Enquirer: 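Let me begin by handing over the structure; questions about it come next.
Given the structure is predicted, the values throughout are model-derived calculations rather than measurements. In what follows, every heavy atom counts, from backbone to side chain, and hydrogens, waters and symmetry copies are set aside. First the proteins, then the strands, lettered A, B, ... as listed; each starts at 1.
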Amino acid sequence: MPLFHVECAQRKGAARRFAIRRRMPEPYDFRAVERAWQERWSKERLYAASSAPSRKYYLLEMLPYPSGDLHVGHAKNYTLGDAVARMMRMLGHDVLHPMGWDAFGLPAENAAIQRGIDPATWTKSNIANMKRQLGLIGTSYDWSREITTCDPEYYRWNQWIFLRLYESGLASKREAPVNWCPHDRTVLANEQVVDGRCWRCNNLVERRNLAQWFLRITAYADRLLADLEKLGGWPERTRAMQRNWIGRSEGVELSFGVAGTDARVAVFTTRADTLFGVTFVAIAPEHPVIPTLRGVISKKNAAAIDAFAESLRSKSELERTSLMEKTGLFTGTYAVHPLSQERIPIWVTNYVLAEYGTGAVMGVPAHDERDFDFAHKHGIPIAQVIVPHDAPSPLPPLREAFVEDGRLIASDDFTGMTSARARAAITQRLEALGTGRPSVQYRLRDWLISRQRYWGTPIPIVYCERCGEVPVPDDALPVLLPANVSITGEGAPLTLVPEFFQTTCPRCGGAARRETDTMDTFFESSWYYLRYLSPRDDRAPWNADEAERWMNVDQYIGGAEHATMHLLYARFFYKFFHDSGWVKGSDEPFERLFHQGFVLHESEKMSKSRGNVVGIDETAETYGVDAMRLFLLAVTPPEDTSDWTDDGITGRVRFLNRLWRLCQRESGARPSDGREEASNERALVRAVHVAAKSAREETLSRRFHYNVTIAKLDELLNAMSDVERADPQSPALAYAASMLPLLVAPFAPHVAEELWHRAGHDTSVHLEPYPEPDESLIALDEVTLVVQVNGKIRARIATRPGLSEQDALDLALGDANVLAHLDGAQPRKHFYVPGKLLNLVR
RNA sequence: GGGAUGGUGGUGGAAUCGGCAGACACAGCAGACUUAAAAUCUGCAGUCCGAAAGGACGUCCGGGUUCGAGUCCCGGCCAUCCCA
């Protein structure tokens, strides 16, 4: 039922209430209105997506981690998504707007350790609270499609996808030095190490050699890079970050012989032109050639190398490559230059990493900064082989590495060539000799998904003494995560649960042990957008027909912090699905991407430790949800960082109160037909259409600058006040009042619905079409002609629109100030922007 | 060092195509209403000169293109993010 008689704020006394009522209509009681409509919308399932969309629009917001409480920063993201969803619905699209929970992960486990709460219980109560809060801020999700990634019915399909990756050779277990966080006691993917520290707890990451599960995302490196070009609907910033992250470099892989052995040491370089400047070869202390070197070096050298390797064993990549001083040790043996056949000393160093590239680099001190430092420190010769094109003669001694391209010197028969030409020629020569070939190297590493954690998807593999590594068959899925596991923070929890890991081999029936690692939670967020399409399907992770109907995601909204991890993994998965024939059409999942900005408070990020969190519940109680939504949309363009201020939101509270009063006025006037006589009435009708046009264009252009639209709505209210003062019975006023609920519906859905029903409508305003802007009503009937003399404004003349060039000229030359600045002369030239501007050039 | 994005009043921002810089809002000031305050309503408001009319300057700095530049080009400075 419509809320026809909302009581005003109960706190105030009855006498006061009557006094207010006599003077003006009831004040806007946002608390009662907002609560009542939220209940009714949810009962009527207003926002369920169509089962047979004709103009589909898949709008997706990144699924949140259920951390407990939403603050106004989260609300900014969801308010934007909701405004877009509501606009698109009112513009006649079949909108799919689902929501779910990225429910596995560390914080639940940490809560278990610190407070003894079961991770499942903790997660579920957080989800319940956050779902309530999403309802509180008036969002229009289709909750019938809700997914929760820690439900067996969801993670079962994680395991299913893992098995398909396994069969394709894209998932495999191997021993490798990995990033180990000593605080969280787990390994981290490369993407989760930020400046050498754990992305969650900020502790320095160590290196350990462990057998771990990897996904071979590197097999897709070239396509992930090349297809960034297809993503025109993505911010350039994000594409650039992915380009950097994938880090393609073209060069040569070549090898040096090792004197006195048959061994060869391979190196990769993008600077083959500097090959004659090589004065040492640097290898990682873990390099596989070292055992071979033992045969030709002294016992003392061998022992020194072992000690050096031992000292670096647990040092992180960051420490070795950046924090520590560059150190090294001459092995006592020599490499043989592939072209000059010279003997080049082989050094073991801390700054070359075994798992990067080939684990060895050619040292060219004259043309590489790191090599220069290293050579300088260890008395290694520096041989300059590239000079600038304008190099003086004789050459001054090098004070620092010359890293740019130039012309070759002292390089055998390549001397005199430019760097670019020499790179090609030297590569060709190496290829002919069989000691090198063109090669492309990527910075991207394989994605490490093993976690020694409880609260994640169990990896569906068992280890059988007889059969070895055996995948769990599809019909035995899901491998359930056991309940009631004691979580102490010591070691991997599942290794302490024999009921879980003791099993039988699916192949031979013999005794076997389950994998006790769980998956990185980015696994489930790499494909969840497909699960929304058929969330209860128990035969497949998603229904192919539904995928064909709804994919791709038309608009994805989420934070820029996911530019490399989530967004790269999701692209990788989708390409795999596409290659497997499970999805059709484009092999990119997200057509358009929008990063909303942060909300700061007191110029700092909101955090519990700073004590500056602005919660949703308090804000809804104090100012109301519509005011909060309007503020978040109005304060900045959505992609910018905004600052939460109590002053700022009072402007939106005022807006709602004015809106309420202006639409609730008792006036006998019938709404006009938009053809008004008085100029302030025409201006008011115009303001209605300008606002409608702005909302429509901000949505369809995908710029989403609703801050501008809301400014137009402010102007509309100002225009209403103007007319009201002149003629409270104006039909134009009644017209504007009838349009406003429709205009504000996507932004302030509650007040819009209440006003709509009070105006006598029975159905929801949110199912109505958005007002169609009429250009003829937007056109001005009086325009200002700006007259410039030599580009400086000398007059503004009010005139009719559609003025001809000659009329404009006549008008301008009748203006005293214009004539004064022309100083008696006739303009030599003039430029006319019809109806706007005339520039006279003397 | 490389890449991306940005820099406009006291503040957030507007100007979407090269054509009136500062819409709209916050904060401020003045007035109306009120015993008073709050709320509300009305008005003022880039800087400088001027009584005013009007003029000069003005979108980080310096150049350039153009009849005309916040917008395009070149160089620099600063900020944020990503990669080294």
Enquirer: Is A:His821 touching bases, backbone alone, or none of the nucleic acid, heavy atoms closer than 4.0 Å?
Expert: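 Contact class for A:His821: sugar-phosphate only.
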Enquirer: Strictly by Watson-Crick or wobble contacts shorter than 3.5 Å, is anything paired with B:rA51, and which nucleotide is it?
Expert: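 By the stated definition (distances under 3.5 Å), nothing pairs with B:rA51.
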Enquirer: Quantified in whole Å, what is the C1' atom distance between nucleotide B:rA53 and nucleotide B:rA32?
Expert: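 It works out to 31 Å between them.
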Enquirer: Want to settle it: does A:Lys836 or A:Ser721 sit nearer the 5' end of RNA chain B, counting the closest nucleotide to each?
Expert: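 So the residue in question is A:Lys836.
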Enquirer: Answer yes if the side chains of A:Glu681 and A:Ser730 hold a donor-acceptor pair under 3.5 Å, and no otherwise.
Expert: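 Present: a donor and an acceptor within the cut-off.
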Enquirer: Describe the nucleic acid contact of A:Arg794 in one word from base, sugar-phosphate, nothing, applying a heavy-atom distance below 4.0 Å.
Expert: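 Contact class for A:Arg794: sugar-phosphate only.
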Enquirer: Could you tell me which nucleotide pairs with B:rC26 by Watson-Crick or G-U wobble geometry, both distances under 3.5 Å, or answer none if nothing does?
Expert: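 When the pairing criteria are applied, B:rG10 turns out to be the nucleotide that pairs with B:rC26.
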Enquirer: Do A:Arg248 and A:Gln441 have side-chain atoms, one donor and one acceptor, less than 3.5 Å apart?
Expert: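 No, no side-chain donor-acceptor pair sits under 3.5 Å.
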Enquirer: Using the P atom as the point on both nucleotides, what is the distance between B:rU11 and B:rC33, in whole Å?
Expert: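 It works out to 35 Å between them.
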Enquirer: Could you work out the separation of B:rG58 and B:rG9 based on their C1' atoms and round it to a whole Å?
Expert: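 Going atom to atom, C1' in each nucleotide, I get 10 Å.
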Enquirer: Calculate the interatomic distance between A:Leu717 atom CG and B:rA23 atom P; express it in whole Å.
Expert: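 The distance from CG of A:Leu717 to P of B:rA23 comes to 18 Å, rounded to the nearest Å.
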Enquirer: Using the P atom as the point on both nucleotides, what is the distance between B:rG76 and B:rC67, in whole Å?
Expert: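 After rounding to an integer number of Å, I get 28 Å for this pair.
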Enquirer: For B:rU35, which nucleotide in any strand shown is its Watson-Crick or wobble partner with both distances under 3.5 Å?
Expert: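 Pairing partner: none.
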Enquirer: Please give, in whole Å, the distance from B:rG12 C1' to A:Lys76 NZ?
Expert: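 Going from NZ in A:Lys76 over to C1' in B:rG12 covers 11 Å.
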Enquirer: Under 4.0 Å between a side-chain N/O of A:Arg239 and OP1 or OP2 of B:rC83, yes or no?
Expert: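 So the side-chain polar atoms of A:Arg239 never come under 4.0 Å of the phosphate oxygens OP1 or OP2 of B:rC83.
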Enquirer: Quick one: look up who B:rU66 pairs with, Watson-Crick or G-U, both distances under 3.5 Å, and put none if it's unpaired.
Expert: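 Across any shown strand, B:rU66 pairs with none.
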Enquirer: By nearest nucleotide on RNA chain B, pick out whichever of A:Met241 and A:Val635 is the more 5' one.
Expert: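 Its nearest nucleotide lies further toward 5', so the answer is A:Val635.
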Enquirer: Between B:rG19 and A:Lys792, is there an OP1 or OP2 to side-chain N/O distance shorter than 4.0 Å?
Expert: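 Answer is no, no contact under 4.0 Å.
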Enquirer: Find the distance A:Asp647:CG to B:rG10:P and express it as a whole number of Å.
Expert: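 After rounding, the gap between these two atoms is 18 Å.
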Enquirer: Need one value for A:Val708: base, sugar-phosphate or nothing, where a base atom within 4.0 Å counts as base even if backbone is also close, heavy atoms only.
Expert: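 Sugar-phosphate contact only.
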Enquirer: Compare the minimum distances between each of B:rA14, B:rC24, B:rU5 and the side chain of A:His705, then state the nucleotide with the smallest one.
Expert: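 Comparing B:rA14, B:rC24, B:rU5 against the side chain of A:His705, the answer is B:rA14.
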Enquirer: For A:Arg796, which contact category applies under a 4.0 Å heavy-atom criterion: base, sugar-phosphate, or nothing?
Expert: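 Base contact.
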Enquirer: Do A:Trp447 and A:Phe522 have ring centroids that are under 6.0 Å from one another?
Expert: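 Not close enough - the centres of the two rings lie 6.0 Å or further apart.
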Enquirer: Nearest of B:rA56, B:rC20, B:rG19 to any side-chain atom of A:Val786?
Expert: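 So the nucleotide nearest the side chain must be B:rC20.
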Enquirer: For atom C1', what is the distance between B:rG2 and B:rU66, given to the nearest Å?
Expert: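 Rounded to whole Å, the distance is 34 Å.
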Enquirer: Give me the distance, rounded to whole Å, that separates B:rG46 from B:rA36 when you measure between the C1' atoms they each carry.
Expert: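 Between the two C1' atoms, the distance is 36 Å.
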Enquirer: Taking atom P in both B:rA39 and B:rU59, compute the distance separating them and give it to the nearest angstrom.
Expert: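 My reading of the P atoms in B:rA39 and B:rU59 gives 37 Å.
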Enquirer: With the 90 degree cut-off around zero defining syn, does B:rC17 come out syn or anti?
Expert: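 Syn, since the glycosidic angle lies within 90° of 0.
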Enquirer: Choose from B:rA15, B:rC26, B:rC41 the nucleotide whose nearest atom is closest to any side-chain atom of A:Arg658.
Expert: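 The answer is B:rC41, which lies nearest to the side chain.
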Enquirer: What nucleotide, of B:rA14, B:rC67, B:rC83, holds the atom closest to the side chain of A:Pro637?
Expert: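 Between B:rA14, B:rC67, B:rC83, the one nearest the side chain of A:Pro637 would be B:rA14.
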Enquirer: Does A:Arg243 have a side-chain nitrogen or oxygen under 4.0 Å from the phosphate oxygens OP1 or OP2 of B:rC83?
Expert: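 Answer no for this pair, as no side-chain N or O of A:Arg243 is under 4.0 Å from OP1 or OP2.
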Enquirer: Answer with base, sugar-phosphate or nothing: what part of the nucleic acid does A:Asp643 contact at a heavy-atom distance below 4.0 Å?
Expert: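 A:Asp643: no heavy atom of the nucleic acid under 4.0 Å.
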Enquirer: Any idea if B:rG9 is syn or anti, going by the 90°-from-0 cut?
Expert: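 What B:rG9 shows is a syn base, its glycosidic angle lying within 90° of 0.
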Enquirer: Could you let me know what B:rG75 is paired to, Watson-Crick or G-U wobble, both distances under 3.5 Å, or none if it's on its own?
Expert: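 For B:rG75, the partner nucleotide comes out as B:rC61, under the 3.5 Å rule.
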Enquirer: Tell me: CG of A:Leu780 to C1' of B:rC20, nearest whole Å?
Expert: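 From A:Leu780 CG to B:rC20 C1': 13 Å.
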Enquirer: Checking all strands, does A:Lys712 fall into the base, sugar-phosphate, or nothing category for heavy-atom contacts under 4.0 angstrom?
Expert: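 The answer is nothing, as A:Lys712 stays clear of every strand by at least 4.0 Å.
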Enquirer: Using the P atoms only, state how far B:rC60 lies from B:rG10, rounded to an integer number of Å.
Expert: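 Here B:rG10 and B:rC60 have their P atoms 13 Å from each other.
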Enquirer: Between B:rA4 atom P and A:Leu228 atom CG, what is the distance in whole Å?
Expert: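 Distance check: A:Leu228 CG to B:rA4 P gives 14 Å.
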Enquirer: How is A:Glu369 classified with respect to the nucleic acid when contacts are heavy atoms under 4.0 Å: base, sugar-phosphate, or nothing?
Expert: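 Nothing, no nucleic acid heavy atom in range.
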Enquirer: When we call it a touch if two heavy atoms are under 4.0 Å apart, what does A:Ile793 touch: a base, just sugar-phosphate, or nothing?
Expert: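 Sugar-phosphate: the residue A:Ile793, judged by heavy atoms under 4.0 Å, touches backbone atoms but no base.
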Enquirer: Decide if atom NZ of A:Lys230 counts as having more than 12 heavy atoms of other residues, nucleotides or ligands within a radius under 6.0 Å.
Expert: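 More than 12 within 6.0 Å, yes.
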Enquirer: Looking only at side-chain N and O atoms, does A:Glu639 offer a donor or acceptor that is under 3.5 Å from a partner on A:His705?
Expert: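 Note: A:His705 and A:Glu639 side chains meet the donor-acceptor criterion.
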Enquirer: Is it true that A:Tyr351 and A:Phe374 have ring centroids separated by less than 6.0 Å?
Expert: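 Judged by ring-centre distance (under 6.0 Å), A:Tyr351 and A:Phe374 do meet the cut-off.
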Enquirer: Does the ring center of A:Tyr556 lie less than 6.0 Å from the ring center of A:Phe594?
Expert: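 No, they do not, as the ring centres are separated by 6.0 Å or more.
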Enquirer: Answer yes or no: does a side-chain N or O of A:Asn817 lie under 4.0 Å from OP1 or OP2 of B:rG55?
Expert: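 Affirmative; the distance criterion is met.
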Enquirer: Find the partner of B:rC81: check Watson-Crick (N1-N3 plus N6-O4 or O6-N4) and G-U wobble (N1-O2, O6-N3) distances, both under 3.5 Å, and reply none if neither fits.
Expert: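 Partner of B:rC81: B:rG3.
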Enquirer: Considering residues, nucleotides and ligands other than A:Glu369, do more than 12 of their heavy atoms fall under 6.0 Å from its CD?
Expert: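 For A:Glu369, atom CD is not crowded (no more than 12 foreign heavy atoms under 6.0 Å).
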Enquirer: Going through the checks in order, is the side chain to side chain donor-acceptor pair (under 3.5 Å) test met by A:Arg658 and A:Ser721?
Expert: CA-CA 9 Å; A:Arg658 290 181 73 197; A:Ser721 293; 2.9 Å; yes
Enquirer: Could you state the CG-C1' distance from A:Asn718 to B:rU40, rounded to the nearest angstrom?
Expert: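 Taking CG of A:Asn718 and C1' of B:rU40, I get 14 Å after rounding.
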Enquirer: Without decimals, in angstroms, what is the distance between A:Arg725 CZ and B:rG43 C1'?
Expert: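 It works out to 10 Å between those atoms.
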Enquirer: Establish, yes or no, whether the cationic atom of A:Arg652 lies under 6.0 Å from the six-membered ring centre of A:Phe655 and within 45° of the ring axis.
Expert: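 That pair qualifies as a cation-pi contact.
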Enquirer: Of the nucleotides B:rC26, B:rA25, B:rC82, which one has an atom closest to the side chain of A:Asn244?
Expert: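 Taking heavy atoms from C-beta onward, the closest nucleotide is B:rC82.
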Enquirer: Looking at B:rA4, B:rC24, B:rG55, which one has an atom nearest to any side-chain atom of A:Ala240?
Expert: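 Per side-chain heavy atoms of A:Ala240, the pick is B:rA4.
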Enquirer: To the nearest angstrom, how far is A:Ile649 atom CD1 from B:rA25 atom C1'?
Expert: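 Nearest whole value for this atom pair: 13 Å.
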Enquirer: So which nucleotide from B:rC67, B:rC24, B:rA27 ends up closest to the side chain of A:Lys829?
Expert: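 Selected nucleotide (nearest to the side chain): B:rC67.
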Enquirer: Identify whether any heavy atom of A:Pro235 sits under 4.0 Å from a base atom; if not, whether one sits that close to sugar-phosphate; answer base, sugar-phosphate or nothing.
Expert: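 Answer is nothing: A:Pro235 stays at 4.0 Å or more from every strand.
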Enquirer: Across the strands shown, which category fits A:Arg652 at heavy-atom distances under 4.0 angstrom: base, sugar-phosphate, nothing?
Expert: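 Sugar-phosphate, backbone atoms only, no base.
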Enquirer: Picking from B:rC24, B:rG12, B:rC20, which would you name as closest to the side chain of A:Leu837?
Expert: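 Minimum distance to the A:Leu837 side chain belongs to B:rC20.
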Enquirer: Does any donor-acceptor pair link the side chain of A:Asn839 with the base of B:rC67 at a separation under 3.5 Å?
Expert: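 Check passes, donor-acceptor contact within cut-off.
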